[in-house]
Amino acid sequence: MTSPAVDPASSALRTPAPAPTPRRISGAVWAALGIVYVVWGSTYLGIRIVVETMPPFLSAGLRFVVAGLLLTVLIAWRQGLSALRVTRAQLGSAALVGLLLLLGGNGLIVLAETSVPSGLAALLVAVVPAWVVLLKAVFGQRPTGGGVAGVLLGLAGLAVLTLPGLSGDVRISGVLLVVVATLLWSVGSFSSSRIPMPANPFTASAYEMVAGGLGCAAIGLIRGEQYGLDPTAISARSWIALASLVVFGSLIAFTAYAWLLQTAPLSLVATYAYVNPVVAVLLGALVLDEALTWPIALGGAIVVAGVWLIVSTERRS
């Protein structure tokens with residue numbers, strides 16, 4: 001950002017303005033950030049419990065369609081029906097982003113967690129900021145030295161995290177599914193700033209969730225997940241996990257995140273990218289007794305360090 005031109009003669013007569021004081025982070029900001037840290041970090045555990053007795057894509061479709069419709073009702077109630085009005089181009093863009101993020105990104109993660117521990121999935125997803133830096137570079141935005149170093153660290157950590165799959169402890173196909181999911185999520189995130197999206201972020205999210213949920217449901221039906229599905233065989237804890245994903249993961253945490261984007265420094269909000277995986281790994285180990293092997297610990301530490309470097313570099317620039 002450039003500064004406006006200043007007349008040296010006139011500026012010399014002015015009293016220098018006092019240096020701005022750092023903005024104090026309020027308790028509400030820390031509370032919202034805590035919600036994003038813990039709730040989004042716990043979604044990987046919730047997904048893992050859901051797919052124990054539910055088909056992956058149909059459960060994801062149910063989650064996002066219900067969450068999207070609930071958010072639509074909340075928007076109409078709090079802001080009026082006019083807040084839901086969008087142009088045809090904006091609706092198409094929101095649907096495209098929803099398919100990339102929730103079908104391609106989250107949907108593949110749900111499928112992968114049928115064979116990949118939740119903590120490992122979260123650590124693999126943490127490499128998303130590295131993909132975003134690479135996408136920016138492809139479209140002409142030259143990365144900083146710190147950004148390049150962060151990307152290299154993230155990719156190195158990603159390579160180490162694939163070791164459990166190569167050794168047979170975890171299916172390599174599941175690991176690769178998560179990697180593809182992170183690429184699609186990155187493309188969706190990057191595209192959302194370059195196409196005509198609805199001005200209201202909550203409206204955009206509602207349409208994204210409905211579109212992504214319908215896409216997940218369609219893929220589930222194409223895969224034949226409805227055949228042999230016995231609702232009575234679905235465990236109570238899978239239903240509870242799905243309900244928590246709808247209410248806490250898709251409504252409360254997203255609302256907190258959207259509010260933080262308008263209220264808190266972006267560099268602070270972005271810290272969720274390297275806190276969520278730590279929360280997911282701890283919850284997976286405590287609740288599901290997921291093994292914390294040395295490739296997961298080492299690779300996760302490298303990925304988190306790379307993401308921290310990328311976020312801190314973006315903050316300075």
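Minimum heavy-atom separation, Pro56 to Arg223: CG-NH1, 3.9 Å. The two residues Ala256 and Ala32 have their closest heavy-atom pair at CB-O, 4.0 Å. Scanning all heavy atoms of the two residues, the minimum distance from Ala253 to Ile35 falls at CA-CG2, 4.0 Å. Closest non-hydrogen pair, Val127 versus Gly154, comes out as CG2-O, 3.7 Å. The shortest non-hydrogen separation linking Ala241 to Gly46 is CB-O, 3.7 Å. Across Gly174 and Ala112, no two heavy atoms sit closer than the pair O-CB, 3.5 Å.
Side-chain contact check for Glu208 versus Phe64: every heavy-atom pair is 4.5 Å or farther apart. Annotation: side chain of Ser186 is in contact with side chain of Leu135 (closest heavy-atom distance under 4.5 Å). With a 4.5 Å cut-off on side-chain heavy atoms, Leu103 and Phe57 count as touching. Taking 4.5 Å as the limit, every side-chain heavy atom of Leu283 sits out of range of all side-chain heavy atoms of Ser118. For the pair Met209 and Phe254, the minimum side-chain heavy-atom distance is 4.5 Å or more. Between Pro55 and Leu229 there is a side-chain heavy-atom pair separated by less than 4.5 Å. Side-chain contact check for Thr114 versus Arg48: every heavy-atom pair is 4.5 Å or farther apart. Considering only heavy atoms from C-beta on, Val175 comes within 4.5 Å of Leu124 through its side chain.
Separation of atoms CH2 (Trp30) and CG (Leu260) is listed at 10.5 Å; rounding is to 0.5 Å. With values rounded to the nearest 0.5 angstrom, Ser235 atom OG is found 6.0 Å from Glu52 atom CD. Atom OH of Tyr44 sits about 9.0 Å away from atom CG of Leu123, to the nearest 0.5 Å. A distance of 11.5 Å separates CG in Leu96 from CG in Leu91, rounded to the nearest 0.5 Å. Within the model, atoms CG of Asn106 and CG of Leu184 stand 12.0 Å from one another, a figure rounded to the nearest 0.5 Å. Rounding to the nearest 0.5 angstrom, the gap separating the CD1 atom in Ile240 from the CD1 atom in Ile49 is 9.5 Å.
Side-chain rings of Tyr257 and Trp40 approach one another, their centers coming within less than 6.0 Å.
Note: the hydrophobic cluster containing Leu155 also contains Leu183 (ILVMFWY, side chain heavy atoms under 4.5 Å, direct or indirect links). There is a path of hydrophobic side-chain contacts, each under 4.5 Å, that joins Trp308 to Val125. Hydrophobic clustering (ILVMFWY, side-chain heavy atoms < 4.5 Å, transitive): Leu101 and Phe202 are in one cluster. Cluster membership check: Leu298 shares its hydrophobic cluster with Leu309, using side-chain heavy-atom separations under 4.5 Å among Ile, Leu, Val, Met, Phe, Trp and Tyr. Under a hydrophobic clustering in which Ile, Leu, Val, Met, Phe, Trp and Tyr are joined whenever their side-chain heavy atoms come within less than 4.5 Å, directly or via other members, Ile302 and Val148 fall into different clusters.
For Ser238 (side chain) and Met54 (main-chain N/O), no donor-acceptor pair under 3.5 Å exists by modelled atom type. The backbone N or O of Gly119 sits less than 3.5 Å from a side-chain atom of Glu290, completing a donor-acceptor pair. Checking side-chain atoms of Ser191 against main-chain N and O of Val187 turns up a donor-acceptor pair under 3.5 Å. With hydrogens and angles disregarded, a donor-acceptor distance shorter than 3.5 Å links the side chain of Asn276 to the backbone of Val36.
Heavy atoms from other residues, nucleotides or ligands lying under 6.0 Å from CZ of Arg142 number 12 at most. Phe248 CZ: 12 or fewer foreign heavy atoms inside a 6.0 Å radius.
Legend: residues meeting side-chain contact (heavy atoms from CB on, under 4.5 Å) with Leu84, ordered by chain and number and at least two apart, are Thr72, Ile75, Ala76, Leu81, Thr203, Tyr207.
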Stepwise side-chain contact (heavy atoms from CB on, under 4.5 Å) test for Phe139 and Phe190: CA-CA 10 Å; Phe139 283 85; Phe190 184 73; 3.5 Å; yes
Test side-chain contact (heavy atoms from CB on, under 4.5 Å) applied to Leu108 and Val178, step by step: CA-CA 7 Å; Leu108 290 182; Val178 179; over 6 Å; no
Pair Val97-Ile195, side-chain contact (heavy atoms from CB on, under 4.5 Å): steps then yes or no: CA-CA 9 Å; Val97 171; Ile195 55 180; 3.8 Å; yes
Leu70 vs Val246, side-chain contact (heavy atoms from CB on, under 4.5 Å): CA-CA, chis, key distance, verdict: CA-CA 9 Å; Leu70 286 175; Val246 170; 4.1 Å; yes
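Residue Leu69 is found in a hydrophobic cluster whose other members, listed by chain and number, are Val65, Val210, Leu214; membership requires side-chain heavy atoms under 4.5 Å apart, directly or through intermediates.
Partner Glu113 forms a side-chain contact (heavy atoms from CB on, under 4.5 Å) with one of Leu45, Leu177, Ile47 and no other, that one being Ile47.
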